[in-house]
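Each chain gets a letter, A, B and so on, in the order the sequences are listed, and its residues count up from 1.
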There are 2 protein chains.
Amino acid sequence: MTFTKNSRVLFNSVPTGYPVPGETTVYDSTQTIDLENVSLEGGILLKTLVLSVDPYFRVLMNGEGHPASFQIGKPLYGFGIAKVLRSENTGFAIGQHVFGYNLVHEEYSVVPDPTGLQIMDKVANLPWSVYLGPAGLPGQTAYIGWKEFANAKEGETVFVTTGAGMMVIQLAKQAGLKVIASAGSEEKVKFMKSIGADVAFNYKFTDTRGVLAKEGPIDIYWDNVGGDILDAALEFSAVQGRFLECGAISGYNTGHQPLKNFHLICDRSLHIHGVLMGHLPIAKYIGEFYATMLPKLASGEIKFREDVSHGLDKMGDVILAVQKGSNKAKAVVVVAED
Amino acid sequence: MTFTKNSRVLFNSVPTGYPVPGETTVYDSTQTIDLENVSLEGGILLKTLVLSVDPYFRVLMNGEGHPASFQIGKPLYGFGIAKVLRSENTGFAIGQHVFGYNLVHEEYSVVPDPTGLQIMDKVANLPWSVYLGPAGLPGQTAYIGWKEFANAKEGETVFVTTGAGMMVIQLAKQAGLKVIASAGSEEKVKFMKSIGADVAFNYKFTDTRGVLAKEGPIDIYWDNVGGDILDAALEFSAVQGRFLECGAISGYNTGHQPLKNFHLICDRSLHIHGVLMGHLPIAKYIGEFYATMLPKLASGEIKFREDVSHGLDKMGDVILAVQKGSNKAKAVVVVAED
């Protein structure tokens, strides 16, 4: 029997504000695994390649209260790509790659029931991480949410916040809309302009209300932040506007600020949709998504950026960066090479 | 030339809180009209029969800020039924009755361009006022909003607030839903139970959160009040719930209370729809509405109640009662007999 190190990232304590690396989450390198002999219980053994780090992690760190909450003393889990090392399940073969919504944050995982995993074929010139970014959670959420709820019409105006809106910006431009985009760094603003945003600004130095007063009203708001910017978007919304609520990171760590302009939903006949991957009609769109978007990503017609870190020991820092918005693009952690 | 008294109700000043009869609005009996000779400018002369008094009046009393705001020194206007006394328009004949969205609050009106008025045929045993209540603004809003946005499924639970939800309660019961209903008087609660509400309570004496915790979660919320009750409805909402925002009377007179639970829209993938008559797809539903609902109202299959006052001089008091919720049912003012 040969034991291999199987390091992992544990959820250690419920944070009161921002998650603290080494306290909220702990990197544990003491676990080992016997790759040859570990019991698979009829399932498969995975080698973790890449893990996605997303804003929603903070929502799962509040202890009880969410059905998918992280458990104290147990590893984190999330979107990821892994490789099949061994298999006792006829649906999975050694060497295949799988995408999972709940891959455990450890180097090697036994998955007794792999039915929720999707086998993935790699597109030649794209890294595996693309399945966690523009072709993964953020990309699919943007694509499906946009198709299902934006009801976009050529010539309308859309407002998009944060780097998570990169895909939305490109979908909106392809549909002939005017795009107003904001982010928290000059680098992100520059990238937003390079992919077609008509108006892009750094919300830390430019007043959002001033921009919306001049460039609005907005027919569609793709919201990743919540809070005061959401109030501003409501203030400058067009009658019968659509709001896609994809996140509220402004409140995840410091508490959600009460919303002042909610009554405008009624006064202006707005339509507000919570857009969460787990409740989107994935089956309705996933075929066309892969068929149309992967070639566009491979050809560069749809552009994307990644902020890649290496090693599970970086996970705590990357989680914090995503919460603070100091990540440069879609954050992924490469755990091992293919 | 014979001059006839043509009393009216003027908008006199912007209220700071609740509208004050005699101050916010003034009953003016000094105006006269020469019914035989007044110039119609190619239009029609109307005798006002019944006027509707609705919660949204308060929104139009804030001075500037709303495209349809009441004008200081000018009469109020709203939904109403009138009779044609004279006509220079081939589309309207003497003795016909019309429904208008913006009938002027005066006894007789000259309407030079009557194209927005609808000619109405009276259903035998129903009063004209039915076209202002269950077959008018509240009824049509309930019917069309429900059909378009509630996405109701048998066995689901709906929560309805205020007496304005009477039609919604009956539509929901016909669709096989469980109905939780709240109102501010025992009389309204009793009526809600009589038309099928499974759970009905007086929110002044029974804690709404306690009821929703026991009887929820709620799949659909039909909101006429906004404020804290809306926060409670969000708190006890089911995943992928639908909220129909039809009014926010809790904030019209005292300011809108900030909403605390907005982030749950994203967390639970809720769908929130502003439901305002002017933006509903009326043409899509109005035919089936009149065809199915008028016979049901006439036969008593769909029940309704009215709170009828007589005389334009009562308008100020009725407006205040509607804002305070002390009206007993749908408020109408009968200006003249047919």
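- Ring pair Y101(B)/F99(B): centre-to-centre distance below 6.0 Å.
- Per-residue heavy-atom pair counts under 4.5 Å with chain A were compared for V239(B), D231(B), D267(B), V59(B), and the maximum is reached by V239(B).
- For H271(A), the parts lying under 4.5 angstrom from a heavy atom of chain B are both the backbone and the side chain.
- Neither the backbone nor the side chain of F243(A) comes within less than 4.5 Å of any heavy atom in chain B.
- Here the CG-CD1 distance, from L76(B) to I319(B), works out to 5.0 Å after rounding to the nearest 0.5 Å.
- Annotation: K153(A), atom NZ; neighbour count of heavy atoms from other residues, nucleotides and ligands within 6.0 Å is above 12.
- Of the listed residues (R242(A), H256(A), K260(A)), the greatest number of heavy-atom pairs within a distance under 4.5 Å of chain B belongs to H256(A).
- Contact of L270(A) with chain B is made through the backbone alone, with heavy-atom distances under 4.5 Å.
- Using a distance-only test at 3.5 Å, with no hydrogens or angles considered, no donor-acceptor pair links the side chain of R58(A) to the main chain of Q323(A).
- In this structure, chain A has no heavy atom under 4.5 Å from any part of Y56(B).
- With a threshold of 4.5 angstrom between heavy atoms, L230(A) approaches chain B through side-chain atoms but not through N, CA, C or O.
- Residues T161(B) and Y221(B) have side chains in contact (heavy-atom distance under 4.5 Å, counting atoms from C-beta outward).
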